[in-house]
Amino acid sequence: MFTRRGFLKMLWRGGLALAAMAAYPAVEVMAWPRIATHRLTPPNWTPGLKLRIAVIADVHACEPWMSAERIRNICDRVNALEADVILLLGDYVSGMNLVTDYVHSSEWSKAMAGLSAPLGVHAVLGNHDYWEDLTFQRDQAVEPFAKAALAAVGIPVLVNESVRLEKDGHGFWLAGLGDQVALRPGRRFGRAGWQGLDDLPATLAGITDDAPVILMAHEPDIFPEVPERVSLTLSGHTHGGQINIFGWKPIVPSRYGPRYAAGHIEEAGRHLVVSKGLGCSIIPVRFMSWPEIVLLELG
Ligand SMILES: [Fe+2]
């Protein structure tokens, strides 16, 4: 029987369910990151080279969603993975207005200063690190503030360049691509359209031997152009779509839609790993796109 009491109970439960659904995306926004582990032997790999790599992407520092304290805690978690090398894939800077405060670059970089691995910490910048840097948007001769902040805590930033590292006597290359959509259009910046700072040939030009190459590229859209010489490409930027409704990802910021949204992707024998990252851009919502630290076990 349909009673008044039963109807009120139904309303109450429905209201609770709606409130839970409305609040749920904030749960993932503030969630403790998962460790997404990928084990693979990429092509052109050196036999005997075993490499453990921890990857952080899309920090998007801001209050209350990604405070300096939360960044510090996440970095402690990364250190506990005891990786050989730690890679940072860009977008340290907040990319939204729904914040109670911004975290200054001197603060988020200080929070990341404790990252430590035997082969060091290496970074590239992301689009938001450039977009929020109005001085750099006007004049590309100045050093981006995000790059300066990382350098100040001893973290080198690779922009269209490569560095050679060695583990157990086996060499490998880390290549860092400049950001593909770094420069915003606008009359005040003297540009009619978006411009990238990426130069893939220059990034790979400094590679002087046959050791495997790992390419860091903030946006995965470069992947179809990456030559077979590169063993593995690592990207962030997509946040896994940030909103994933049972596999439907309506807002992946990529010209390829959901093709490179997250995870390990293999195309024509070439390999790409895209991290879902840690923070949020545009709005503080994550739905079925849990924040993650990527752990690669290569070899
Ligand atoms: Fe990004």
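Counting starts at 1 for both ligands and their atoms, following the listed order.
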Next on the checklist: Is a donor from one side chain sitting under 3.5 angstrom from an acceptor on the other, for Trp32 and Asn73?
Outcome noted: no
Item to check | Non-neighbouring partners of Lys110 that pass salt bridge (Lys or Arg N to Asp or Glu O under 4.0 Å), sequence neighbours left out | outcome: Glu107
Item to check | the Fe ion (ligand 1) to nearest N/O/S of Asn127 below 2.8 Å | outcome: yes
Item to check | Option among Val226, Thr233, Leu200 that satisfies the side chain to side chain contact (heavy atoms under 4.5 Å, CB included) test with Leu177 | outcome: Leu200
Checklist entry - Is the Fe ion (ligand 1) less than 2.8 Å from at least one N/O/S atom of Asp91? => result yes
Next on the checklist: Other members of the hydrophobic cluster containing Phe189, with the 4.5 Å side-chain heavy-atom rule, please.
Outcome noted: Leu134
Item to check | Heteroatom test (N, O or S) for His218 near the Fe ion (ligand 1), limit 2.8 Å | outcome: yes
Next on the checklist: Looking only at N, O or S atoms in His237, which is nearest to the Fe ion (ligand 1)?
Outcome noted: ND1
